[in-house]
Amino acid sequence: MAYRYDSDLEFLGSIKSEDLSDLVYCLTHDKDGKERFTEELTQHVKYKRHYPDHSMYWEEIAAEMQCFGANTFVTLLRGGKGVGYKEVLTDVCDKMKVNYNKNSSVEKIEQNLLMKILEEAIENMSPEELKELALSTGVKNTSGITKEAMVGVFQAVFRAGGFKSYQLTLIIVNAVAKALIGRGLTFAGNAALTRTMAVLTGPIGWAITGLWTAVDVAGAAYRVTIPAVIQVSVLRQKHIYEKQAEEVEFS
C-alpha cells in the first residue's frame with residue numbers, strides 16, 4: 001500500500017488528528033465495530049508508531065482509501081498504489097445512481113452524492129417529520145410544505161455554498177455515519193445542529209437500509225468506500241470553513 005499524489009486528498013495533511021478519527025475508524029472497522037479483515041492501515045509501521053496521532057500518517061490513510069477503491073490485482077501492478085480519489089468518488093456515485101458531471105470539482109460531486117441521500121430520506125418522511133424538518137431548518141411557512149419544496153430548499157443551500165452548505169453537509173454525514181458505521185461524527189457537537197440531526201437520522205437511516213442491502217451483494221469494497229467518501233466530504237467542508245465552523249447556525 002503506497003500513497004499516490006492526489007490533489008483532491010492533499011488537504012488531509014492539514015486536518016487535525018482528532019478530526020481524522022472518524023475516517024480512520026470507518027477504514028479499519030465495520031458497522032458492528034469489528035476490525036476489517038481487508039484493511040492494511042493498522043499494520044503500517046507509521047500507524048503503530050504514532051497512533052492515535054493520525055496526522056502523522058495521513059498519507060497512509062489516503063493510500064488505504066485509494067487502494068480500497070482499486071482492483072487488487074491492478075494495485076499490485078502499480079506497485080501497491082491505488083486509484084485517485086475522484087475515481088473512487090465517481091465509482092461510489094455510479095453505484096448509488098447519483099447524477100453528476102464528471103468534469104465538475106470533487107466538492108460539487110460530493111454535494112451531489114449527499115443530495116441524493118437527502119432526497120431519498122425526504123421521500124421516506126411522513127408529513128409530520130417533513131414539517132418538523134422544515135421548522136428545524138428555518139422555513140418560515142410550513143403550511144402545505146411538500147417534499148419537492150424541501151428538496152428545492154436543500155438544493156439551493158448547496159448551490160449557495162458557504163456556512164449553510166457546510167452545516168448541511170455536517171448534518172447529513174452525521175446521520176449517515178450512524179447508519180453505516182454505527183456511530184455519529186465525533187466533532188458534530190454544535191448544539192444548534194442537534195434538533196435537525198435528530199429529525200434526519202431516522203429517515204436517512206431508512207434510506208441507507210435499502211442501499212446497504214445492495215452494497216452487501218455488490219462486494220466488500222463498497223462497504224468501505226461509501227462511508228469513507230462521505231467522511232472525506234465533511235472533512236473537506238470543515239477544512240474550507242474551519243475558522244467559521246463554531247459560528248455556524250442552521251436557521
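All residue numbers refer to positions in the sequence shown, counting from 1. Note that the structure is a prediction, hence the values are computed from the model and not measured.
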Could you state the interatomic distance from CG (L114) to CZ (F158), rounded to the nearest 0.5 Å? 5.0 Å
E64 side chain to E40 main-chain N or O, any donor-acceptor pair under 3.5 Å? yes
CE/M125 to CE/M150 distance, rounded to the nearest 0.5 angstrom? 7.5 Å
Could you tell me if the side chain of K116 sits less than 4.5 Å from the side chain of E120, heavy atoms only? yes
Would M65 and V229 count as a side chain to side chain contact (heavy atoms under 4.5 Å, CB included) here? Give the steps. CA-CA 9 Å; M65 187 165 186; V229 160; 3.6 Å; yes
Taking the side chain as every heavy atom from C-beta outward, state whether H54 and E18 have any pair of such atoms under 4.5 Å apart. no
Can you tell me if R236 uses its side chain to pair, donor with acceptor, with the backbone of D8 under 3.5 Å? yes
Do L133 and F154 come within less than 4.5 Å of each other through their side chains, counting heavy atoms only? yes
Heavy-atom closest pair (S233 atom, V173 atom, distance to 0.1 Å) is OG-CG2, 3.9 Å
Do L20 and L235 come within less than 4.5 Å of each other through their side chains, counting heavy atoms only? yes
Which distance, rounded to the nearest 0.5 Å, do you find between the NZ of K86 and the SG of C93? 10.5 Å
Could you tell me whether the side chain of T42 reaches within less than 4.5 Å of the side chain of Y51, counting heavy atoms only? no
Measure the CG-OG1 distance between L23 and T28 for me, rounded to the nearest 0.5 Å. 9.0 Å
E129 side chain vs S126 backbone, donor-acceptor pair below 3.5 Å: yes
Between Y57 and H50, is the ring centroid distance below 6.0 Å? no
Parallel under 30°, tilted from 30 to 60°, perpendicular over 60°: which one fits the rings of Y3 and W58? perpendicular
Separation of N99 CG from I109 CD1 (nearest 0.5 Å): 12.0 Å
Which atom pair, heavy atoms only, marks the closest approach of L185 to N174? N-OD1, 2.9 Å
So, E107 versus Q237: side-chain donor-acceptor pair below 3.5 Å or not? yes
Without hydrogens or angle criteria, can the side chains of S165 and Q111 be said to hold a donor-acceptor pair below 3.5 Å? yes
Where do L113 and M96 come nearest, in terms of heavy atoms and distance? CD1-SD, 3.4 Å
Over all heavy atoms of both residues, which pair between F68 and L27 is shortest? Give the atoms and the distance, please. CE1-O, 3.9 Å
Exam field: side chain D6 to backbone Y85, donor-acceptor pair closer than 3.5 Å: yes
For A134 and T142, the nearest pair of non-hydrogen atoms, with its separation, is CB-CG2, 3.7 Å
Could you check whether any side-chain heavy atom of I240 comes within less than 4.5 Å of a side-chain heavy atom of Y166, counting everything from C-beta outward? no
Rounded to the nearest 0.5 Å, how far does CD1 of I230 lie from SG of C26? 9.0 Å
So which atom in E35 and which in H29 form the shortest heavy-atom distance, rounded to 0.1 Å? CG-NE2, 3.8 Å
Go through M56 and K46 one step at a time and tell me if the side chain to side chain contact (heavy atoms under 4.5 Å, CB included) criterion holds. CA-CA 8 Å; M56 296 297 293; K46 282 191 176 181; over 6 Å; no
Do K147 and E123 touch side chain to side chain, with heavy atoms closer than 4.5 Å? yes
Checking D30 against R223 for the side chain to side chain contact (heavy atoms under 4.5 Å, CB included) test, could you report, in this order, the C-alpha distance in whole Å, the side-chain angles of both residues, the deciding distance, and whether it holds? CA-CA 8 Å; D30 63 21; R223 295 197 289 273; over 6 Å; no
With a 4.5 Å heavy-atom cut-off, do M115 and V98 have their side chains touching? no
Could you go through H44 and R49, starting from their C-alpha distance and side-chain angles, then the distance that decides it, and tell me whether this counts as side chain to side chain contact (heavy atoms under 4.5 Å, CB included)? CA-CA 9 Å; H44 200 283; R49 181 182 302 152; over 6 Å; no
